[in-house]
Number of protein chains: 2
Amino acid sequence: MTEIPKRQVTLDEVAERAGVSRSAASRVINNAPHVSKAKREAVRRAVLDLGYVPNATARALATQQVGAVVLAISSDNPQAFADPFFAEVVVGISAVLEETELELMLLLATSARGQTRLEQLLRTRQTDGVMLMSMHGDDPLAALADKAEVPVVFGGCPVTFEPRYYVDADNRGGARLATEHLVTLGRTRIATITGRMDEGAGTARYKGYQEALAVAGLDAGRVAHGDFSEAGGSRAMAELLAGHPDLDAVFVASDQMAIGALRVLKDAGRSVPDDVAIVGFNDVISARHTEPPLTTVRQPIQSLGREMARMLLGLIAGETPTPLILPTRLIKRSST
Amino acid sequence: MTEIPKRQVTLDEVAERAGVSRSAASRVINNAPHVSKAKREAVRRAVLDLGYVPNATARALATQQVGAVVLAISSDNPQAFADPFFAEVVVGISAVLEETELELMLLLATSARGQTRLEQLLRTRQTDGVMLMSMHGDDPLAALADKAEVPVVFGGCPVTFEPRYYVDADNRGGARLATEHLVTLGRTRIATITGRMDEGAGTARYKGYQEALAVAGLDAGRVAHGDFSEAGGSRAMAELLAGHPDLDAVFVASDQMAIGALRVLKDAGRSVPDDVAIVGFNDVISARHTEPPLTTVRQPIQSLGREMARMLLGLIAGETPTPLILPTRLIKRSST
DNA sequence: CTGAAAGCGCTAACAC
DNA sequence: GTGTTAGCGCTTTCAG
């Protein structure tokens, strides 16, 4: 570990030390052509000796490229980000970005302040690109983002429109998978607890449920709406039990809600899976530890992050990527 | 929503539009003194008309302040960040930063590349400050960070040294609380599953366990080491059962590990809490859904994030904060 | 109170 | 292959 230089070492110092002009030094550092081998070496040594690291800000100002992209979560609820889901997305994004020179900035746009910040980010190109996850349907920022000059990739597809660039999990397919599984098991009175219907994931999963039942010729009328939260799942399950006491299976649009539903079922004296079979969605860690362990649909969350980052990189490089739908698959455990 | 200006609007344009000099415009925007009320107004209007937003990069170059701080997670395991713990920390940090002009950059320094990046960040003041969570004990970066010119706040206290500035949860106190609770319940053969002993949280919790047993005059010899993971918890529990079959309680240093331990106990035919009482640590969401629900020690994770951010802000402002220990408390559920 | 001028550190045309 | 010269957009002395 070399000593820590007190002040910023400038390119001029490197050039002087190496006995070359500043432009030569600059060329070497950005390994551009038109520099003799000798000077190249001299500059290299000077860089090492002096511990030179280019000033990113100055470079950004000169090149008009910021060197950073932002992951923006636009939500009306500050706690939304606490969902382990995002941590996984971030891991995926970060893995891809680590191989580039780009930094990752995180923007939790929940207050009016944050929203304004995100808006400015989109208007003024203070970032090289943004990955946006918008958590409620009528988010005006989402529409604005899709038209912004700055490259924007959506994580998940908003319910109100289809963005130019996005990557999403196959929510509809996953839901169909889950529901078909219930059908295969011989269940005939299959209910569903939906997620928020103003989120793309919520509507898509509901659609998948309907499709599967239509194909099987079964009634898709046993529906209660939740909000992806555990408490919401409990509420919806109670509602279902009251309105459709005959149900023998439930496709629940998220594991969190399934956990809530499980408790209500238990309190009502219905055994899972004997009386009622349950399938969740997401395969969060706790899905393995419920009683009984939850059959659920797994979506490749880290891949989601990775692909978002890759798509953004492509966009920045001037490519025109096409939207990407990531496959989901059924994880069978004992709740069915 | 005003129209989106195509190009960057510059300060000069604002000045021209307002009919004042650039310096005057600049002063208004940074609300510095020495500007007549009339010009102030004119500039304000021009800003609004043109939709001017200052170029952060240029400003950063001129002021030598980046306008961004970084949260760096230094770890040997890329998956470490997937722990919901971090998501919560980020929520806390973000809440504080939202009230400032500072952006948050996220650096998951897991590969050699990331490590280098973090190192450079510390050497060259390319950031206004860093919050560092170092996930393994002998991290050379941690020591380097503590001596860096850049303001650095630690999240959690490393084992090898005490940083100048850090905020941590009261791990030792929490562990003592948990263990004392077991003592109060009349348990006398109390074992522990520790976390990684190269992390501050691991050693501190172990120390708390030892202290509580010393005070009670009980034997603190029933120890197995885990690594904070669920699988590690299972392994350690099996080891404990083999070596100390007489145990009647276990203080487990994390909920994840407790979940693993619970399963092993169940497989071994020991009932919880009748045969063996269990206390975990962290109060993660899944702790509420284990069978039986887990008694655990809650630490204020979001506060941890908030306080880290506040401390960093103080440091940047030139203050000299003192380290902060956040209180923990026991959450009683049915596993004890 | 006001404006001109000199940078911040780097890149990129442009002539040689 | 080489160095000189303008900037990038903003802040900040410094005279007036």
Side-chain angles (χ1 to χ4, degrees), chain A residues 5-44 46-47 50-68 101 120-121 123-128, chain B residues 5-44 46-47 50-68 101 120-121 123-128:
Chain A
K6 275 287 175 199
R7 308 175 316 89
Q8 154 100 43
V9 179
T10 73
L11 186 55
D12 298 74
E13 290 169 308
V14 172
E16 187 177 349
R17 169 81 159 236
V20 303
S21 72
R22 187 168 70 242
S23 18
S26 173
R27 284 186 187 114
V28 173
I29 282 155
N30 301 303
N31 42 57
H34 306 305
V35 188
S36 71
K37 213 153 174 60
K39 298 206 167 179
R40 259 208 151 74
E41 240 341 283
V43 173
R44 286 234 172 79
V47 166
L50 267 35
Y52 170 74
V53 179
N55 180 319
T57 308
R59 177 178 285 184
L61 185 59
T63 58
Q64 299 289 68
Q65 298 190 339
V66 184
E101 296 286 83
Q120 292 198 350
L121 225 51
R123 296 181 179 296
T124 70
R125 29 179 76 264
Q126 310 276 355
T127 168
D128 294 326
Chain B
K6 275 289 173 196
R7 308 174 315 91
Q8 153 99 45
V9 179
T10 72
L11 186 54
D12 297 75
E13 291 169 306
V14 172
E16 187 178 345
R17 168 80 159 237
V20 303
S21 72
R22 186 167 72 241
S23 10
S26 173
R27 287 188 185 111
V28 173
I29 282 155
N30 301 303
N31 41 58
H34 306 305
V35 186
S36 69
K37 213 157 175 59
K39 300 208 167 183
R40 264 213 144 74
E41 240 340 284
V43 172
R44 285 233 172 80
V47 165
L50 267 34
Y52 169 74
V53 178
N55 180 319
T57 307
R59 179 177 286 184
L61 185 58
T63 57
Q64 300 288 70
Q65 298 189 340
V66 184
E101 295 288 82
Q120 292 198 351
L121 225 52
R123 294 182 181 296
T124 71
R125 30 179 75 264
Q126 310 276 357
T127 168
D128 294 327

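Sequence lines set the chain letters: A, B, ... in the order given, protein chains first and strands last, and positions in each chain run from 1.
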Under a 4.5 Å cut-off applied to non-hydrogen side-chain atoms, are B:V47 and B:R44 in contact?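 In short, these two side chains do not touch, never coming nearer than 4.5 Å.
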So do B:R123 and A:V53 actually touch side chain to side chain, heavy atoms under 4.5 Å?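 A:V53 vs B:R123: side chains apart.
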Categorize B:V35 for me: base, sugar-phosphate, or nothing, with a 4.0 angstrom heavy-atom threshold over every strand shown.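 It contacts sugar-phosphate atoms only.
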Can you tell me how far the CG atom of B:N55 sits from the OG1 atom of A:T124, to the nearest 0.5 Å?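 The OG1 atom of A:T124 is 8.0 Å from CG of B:N55, to the nearest 0.5 Å.
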For the backbone of A:G67 and the side chain of A:E101, can you confirm whether one donor and one acceptor N or O come within less than 3.5 Å of each other?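 No.
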Any sub-3.5 Å donor-acceptor pair from A:E13's side-chain atoms to A:T10's backbone N or O?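 Yes, the answer is positive, given that a donor and an acceptor are paired below the 3.5 Å cut-off.
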Going by the side chain to side chain contact (heavy atoms under 4.5 Å, CB included) test, name the single residue among B:V28, B:V43, B:V35 that passes it with B:V20.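 Among the candidates, only B:V43 passes.
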When you check every protein heavy atom under 4.0 Å of nucleotides 8-16 of chain D, what one-letter string (B, S, -) results, 5' to 3'? BBBBBB---
Phosphate OP1/OP2 of D:dG1 contacted by A:K39 side-chain N/O (<4.0 Å):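 For A:K39, the contact criterion (side-chain N or O under 4.0 Å from OP1 or OP2 of D:dG1) is not met.
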It should be established whether A:S36 places a side-chain nitrogen or oxygen under 4.0 Å from OP1 or OP2 of nucleotide D:dT2.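 Checking D:dT2 against A:S36, a side-chain N or O does come within under 4.0 Å of OP1 or OP2.
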Between D:dG3 (C1') and A:H34 (NE2): distance, integer Å: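 The distance from NE2 of A:H34 to C1' of D:dG3 comes to 14 Å, rounded to the nearest Å.
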